[in-house]
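What you see below is based on every heavy atom in this structure, not just the backbone, and it leaves out hydrogens, waters and symmetry mates. Each chain gets a letter, A, B and so on, in the order its sequence line appears, and its residues count up from 1.
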Amino acid sequence: MIKTAGEAREAARQIGGRVVIKAQIHGGGRGKAGGIKVAETPEEAAQIAGDLLGTRLTTHQTGPEGLPVNTVLVEEAIQVEKELYLGVLIDTSTQALVMIASEAGGVEIEDIATRSPQRILKQYVNLVTGLLPYQTRILAYRMNLPGESVRTATEIMTGIYRLFMEKDCSLVEINPLVITKDGKLLALDCKVNFDDNALPRHQDMAQLRDSSQEDPLEVKASEIGVNYVKIGGNVGCLVNGAGLAMATMDMIKLAGGEPANFLDVGGSASEEQVANALRILLTDARVRSAWINVFGGILRCDVVARALEQVLKEREVKVPFIVRMNGTNLKEAMQILKESRLNITFEADLVRAAEMAVTMAK
Amino acid sequence: MILVDKNTKVLVQGITGREATFHTQRCIEFGTNVVAGVTPGKGGLRWEEEVPVFNSVTQAKEESGANASLIFVPAPFAFDAIVEAADAGIKLVVCITEYIPALDELKLQYHLRSTSTTLIGPNCPGIISPPGKCKMGIMPGYIHKPGNVGVVSRSGTLTYEVVAQLTEQSLGQSTCVGLGGDPLPGSNFVAILKLFQEDPETKAVVLIGEIGGTTEQEAAEFIEKQMTKPVIAYVAGSSAPAGKRMGHAGAIITGSASKASKKMESLAAAGATVTDNFAQIGFLTKEVLGSQK
């Protein structure tokens, strides 16, 4: 792992010969985006690393703003004979743990999975027995590995299965796993996803979190305990509940607008949490109108109204707010907002509220 | 009605907690027969000077005759609580708790297959049957009304919105089931649709799906092959980007099949009445039921 051009030069010198420099970001599709390059000499390695470090790399998985390249990986350039794929994940449709292998690894694995699913090999793992040696052998032989590589492949499979189970992963993937020109089996790249719900019991993994690879507003939201995802449009929304939040974005889109964000404050947020969530929403400079869509249950409507009043009174907010609420303490909420004399429009009807939010954003 | 009715005797695991106390009170107000509570270490007490509290589910079941359990215990202890209820022979377990690790949920699936327990949730709003006067969950009771529409959903507040629309159209509900927002829920659309199909009181079913997984496609297959009752469906998340988790752990587009548009296509092809505008569900359900007569 390299953080400066000088370190890259030194690493390339130690490795000797051709090296590959790979941008380390939390997103795939790096090769096509120019994040993976080959260098013939240590000087060239330093040059490439220097060009990549400190920039933002945009791939089809990162969103338009891209992700910062703070580290690069420098490794020996391997003469590749063949690219393979290995992965462990939970298959939600069969509700089983599955080891996946394919003879057709590399950057096109997702296309292959849709176009020729027969080339994706699977072994389901019984949680009582765990992944068994015979299952790894079946996969290794069906991947047509040369005899001497079968043993290495079975060891790699057993290893990634153990990692998955011990660290509560949601995905462990080696892509590509390559056979080199001189017949060796090597893992050239790897991706590991952890189950957020299991992080409390893996403090070591939680500490690996690299916030620079996440949207700063999303990081802030997770700190205050709400779910925020930047979408990129100009109609902001704040909702309680993930399903209703998605449905609210869908309504904005149906009304001809583009949602700026997904924002779910959850079922039992406090006034302070809702206020902080509103501040996050307003931090996005693209937001031109904001729609509050709340079905009051445990989170009462008056709590949301007070939070809104608090935020709109502490600063000058140009963004017009459309409020649509239903459920617990609706009357109290209306009273609070009416007396506040703020730039807020009430609309009880869902479709009309969506249309107003979209019109005001134009 | 399905799963719960006036004969359901509910025990509440974690009853002495603050949230559990609040929601248990609301359940009792709705008419739910809460016969026992379980909090290890607090056996012998009476919750709110009324409901007997036991140290274990087995003991609670023996002494109170409970046949269903509503679980509110915090995430680190919820796996244990669900297995305890199943091992004690409780037939219906509703788990409200969220943030249970996926591997624990996978282990639950394996274990529950060897029992006769139905698990609803985790990370769900629960079950409510207005005609059965039974609420095992956290949904606001007052928006519901007894009637003939079954509701099954992966989300919480979105379901309340839909139920409010139905009630506004004077369409009551037979039972509403919230499956929960996790990738490995205890129950699924097919299991609940099967029960609604067999239930004489249910005349139509509203299905609320969301992005992630393929459970809506499995539902579509069941609807096409085995469902004679009309299904009205909406799948949330048409506007969600791929690869981003939308609040629920299960709501993430990982392949084309997990997109809302694909799911709605499958459901429509199977004969369900599908809308991409959830504000229309109440109205559409009324139309569908009107054309049946």
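A/Phe295 touches chain B through backbone and side chain together, each having a heavy atom under 4.5 Å away. Neither the backbone nor the side chain of B/Arg26 comes within less than 4.5 Å of any heavy atom in chain A. Only the backbone of B/Val235 has a heavy atom closer than 4.5 Å to any heavy atom of chain A. Only the side chain of A/Glu218 comes within contact range of chain B, with at least one heavy atom under 4.5 Å from a heavy atom of that chain. Contact annotation for B/Ala164: only side-chain heavy atoms (C-beta onward) come within less than 4.5 Å of a heavy atom of chain A. If you measure heavy-atom distances from A/Phe164 to chain B, the contacts under 4.5 Å come from both the backbone and the side chain. Only the side chain of A/Met251 has a heavy atom closer than 4.5 Å to any heavy atom of chain B. For B/Asp276, the parts sitting under 4.5 Å from any heavy atom of chain A are the backbone and the side chain alike. Residue contact with chain B, scored on non-hydrogen atoms closer than 4.5 Å, is absent for A/Asp215. If you measure heavy-atom distances from A/Ser268 to chain B, the contacts under 4.5 Å come from the side chain alone. For A/Ile298, the part lying near chain B is the side chain, with the backbone staying farther off; criterion is any non-hydrogen pair under 4.5 Å. Heavy-atom distances place the side chain of B/Tyr110, and not its backbone, under 4.5 Å from chain A.
Side chain to side chain, B/Ser239 and A/Asp250 meet the donor-acceptor criterion of an N or O pair below 3.5 Å. Between the side chains of B/Tyr99 and A/Asp196, no donor N or O sits under 3.5 Å from an acceptor N or O.
Enclosure of atom CD in B/Gln25 by more than 12 non-hydrogen atoms of other residues, nucleotides or ligands within 6.0 angstrom is indicated. Dense packing is recorded around CD of B/Glu29, with more than 12 heavy atoms of other residues, nucleotides or ligands lying under 6.0 Å away. Residue-environment remark: CD (A/Glu214) exceeds the threshold of 12 foreign heavy atoms within 6.0 Å. Heavy-atom neighbours of B/Arg18 CZ from other residues, nucleotides or ligands within 6.0 Å: at or below the threshold of 12. The environment of A/Lys230 atom NZ is dense: over 12 non-hydrogen atoms of other residues, nucleotides or ligands sit within 6.0 angstrom.
Per-residue counts of heavy-atom pairs under 4.5 Å with chain A were compared for B/His23, B/Glu210, B/Glu98, B/Gln109; the largest is that of B/Gln109. Chain A forms the most heavy-atom pairs under 4.5 Å with one residue out of B/Ser238, B/Pro140, B/Gly243, and that residue is B/Ser238. Among A/Asp264, A/Leu263, A/Leu254, A/Asn227, the residue making the largest number of heavy-atom pairs under 4.5 Å with chain B is A/Leu254. Contacts with chain B were tallied for A/Val226, A/Asn126, A/Thr248, A/Asn326; A/Asn126 has the most, counting heavy-atom pairs under 4.5 Å. Ranked by non-hydrogen atom pairs under 4.5 Å with chain A, the options B/Ser155, B/Gly247, B/Pro101 are led by B/Pro101. The candidate from B/Gly212, B/Gly237, B/Ser256, B/Ala242 with the greatest count of non-hydrogen atom pairs under 4.5 Å with chain A is B/Gly237. Contact tally against chain A (heavy-atom pairs below 4.5 Å) for B/His248, B/Met246, B/Glu105: the top residue is B/Met246. Ranking B/Ile143, B/Ile100, B/Thr215 against chain A, the residue ahead of the rest is B/Ile100, based on heavy-atom pairs under 4.5 Å. Of the residues considered (A/Leu127, A/Leu299, A/Leu350, A/Asp349), A/Leu127 shows the highest number of contacts with chain B, using heavy-atom pairs under 4.5 Å.
Inter-residue side-chain proximity for B/Pro185 and A/Gln95 is flagged as met; some heavy-atom pair is nearer than 4.5 Å.
In terms of heavy atoms, B/Leu103 sits closest to A/Met165 at CD1-O, 3.8 Å. A/Ile231 and B/Pro241 make their closest contact through CD1-CD, 3.5 Å (heavy atoms, listed as atom of the first residue, atom of the second, distance). Of all the heavy atoms in B/Ala251 and A/Met246, the pair that sits closest is CB-CE, 3.8 Å. The two residues B/Asp104 and A/Arg201 make their nearest non-hydrogen contact at OD2-NH1, 3.0 Å. In terms of heavy atoms, A/Ala247 sits closest to B/Leu158 at CB-CD1, 3.7 Å. The shortest heavy-atom contact between A/Thr92 and B/Leu184 is CA-CD2, 4.3 Å.
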